[in-house]
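Here is the naming used below: chain letters follow the sequence lines, and residue numbers restart at 1 for every chain. The model shown is predicted, which means the values in this text are computed figures rather than measured ones.
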Amino acid sequence: MKKQSAQDDVLFGQVSRFIRSLRQSHLLGIEPVKAAENELILRLPYSESIVGDPETRIIHGGAITTLMDTASGSVIICALPEFELCPTLDLRVDYMRPAEPDKPVFARARAYRVTRNIVFTRCEAYQDDCETTVAHCVATFMRIGADASPKAYRELITGVNE
Amino acid sequence: MSRRDTMHKALEQGDLSALVERIPYAKMIGLVCERFGDDLIFRLPPQESNVGNPILPAIHGGVIGGFMELSAALYLMRSQDTPKLPRIVDFSIDYLRAGLLRETYAECRLTRQGNRVANVMVTAWQKSRLEPIATARAHFLMA
């Protein structure tokens, strides 16, 4: 994996703070692994509390959806010049195979098109290596402008007061 | 009691709460299943830990998705009278309004039942059924 540049470290910090502000994502233990220009990898640790079927101990799709929604929404920080809170318009998840128990799930996201109003994202969830894809997700987000999110919140994410 | 027994009993009585009790993810987000005659309404009581956007505050989009996906699976088990959780193939959700931190409801409809695949539509709302916060559809592989 390529070493993170100083700019990547800034993005990594912003994404970390953003995810910490999303209570459910934070509760699931979702954390960034890598942030770069228009690229983000998040990690979801395995936990018994997100199991969907106690017999197989397989993680429920809902937790994968939360991971992918978080990754797709957060990669926007790595894709736009300044922080904007963008609500999800829609999201589609294709489940390729169940995630193996006791192992973390990773999600890699990128914004493949950014327009004045809309951000289009793609995201893959995988385990072990990028070859074993667990799920694939496409989503669209609406840009409501940087001014639509309160200044204090923007500063919390961009860390201007640090 | 094994899950199969729990499920059979739950199906017989038309009450899925015993089953919901056994699904850790359902308990984590706080999903409740209510029965009105033959109809099932799924309910998600407001819970701080389900918040995503802290400004509004609003329920995390992923939680709304997970709630609707799980509702669809439970609904399908009931309508198919099967004790096995169906396997999800894909899930697509449109977010129509912000899901504020208040009581959220979901109802499902079986759009198409094939031999191997079922298509389920889900609608979620809060204050008024006429103002859905999200609609979703899912494909499941039948066990």
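- The closest side-chain heavy-atom distance from Arg92(A) to Arg137(B) is below 4.5 Å.
- Contact annotation for Ile50(A): both backbone and side-chain heavy atoms come within less than 4.5 Å of a heavy atom of chain B.
- At most 12 heavy atoms of other shown residues, nucleotides or ligands fall within 6.0 angstrom of atom CG in Asp38(B).
- Taking all atoms of both residues into account, the shortest heavy-atom contact from Ile23(B) to Gly52(A) is CG2-O, 3.3 Å.
- Within the 4.5 Å cutoff, the side chain of Ser49(A) has heavy atoms near those of the Met28(B) side chain.
- When heavy atoms are compared at a cutoff of 4.5 Å, Leu85(A) approaches chain B solely by way of its side chain, counted from C-beta outward.
- Heavy atoms only, all atoms of each residue included: Leu91(A) and Tyr95(B) are closest at CB-CE1, 4.3 Å.
- Atom CG of Asp94(B) and atom OG1 of Thr88(A) lie 11.5 Å apart (nearest 0.5 Å).
- In this structure, the portions of Val63(B) lying under 4.5 Å from any heavy atom of chain A include both its backbone and its side chain.
- The most heavy-atom pairs under 4.5 Å with chain B, out of Leu67(A), Asp69(A), Leu28(A), come from Asp69(A).
- The two residues Ser21(A) and Pro54(B) have their closest heavy-atom pair at O-CG, 3.6 Å.
- Of the atoms belonging to Ile93(B), heavy atoms from both backbone and side chain fall under 4.5 Å from chain A.
- Chosen from Met68(B), Glu69(B), Lys27(B), His139(B), the residue pairing most often with chain A at heavy-atom distances under 4.5 Å is Glu69(B).
- Minimum interatomic distance between Leu27(A) and Ser49(B) (heavy atoms only, all atoms of both residues): CD2-CB, 4.0 Å.
- Residue Arg113(A) places its CZ atom among 12 or fewer non-hydrogen atoms of other residues, nucleotides or ligands, all under 6.0 Å distant.
- Neither the backbone nor the side chain of Ile59(A) comes within less than 4.5 Å of any heavy atom of chain B.
- Within the 4.5 angstrom heavy-atom criterion, no atom of Gln47(B) approaches chain A.
- Among Thr56(A), Thr65(A), Ile64(A), Ile58(A), the residue making the largest number of heavy-atom pairs under 4.5 Å with chain B is Thr65(A).
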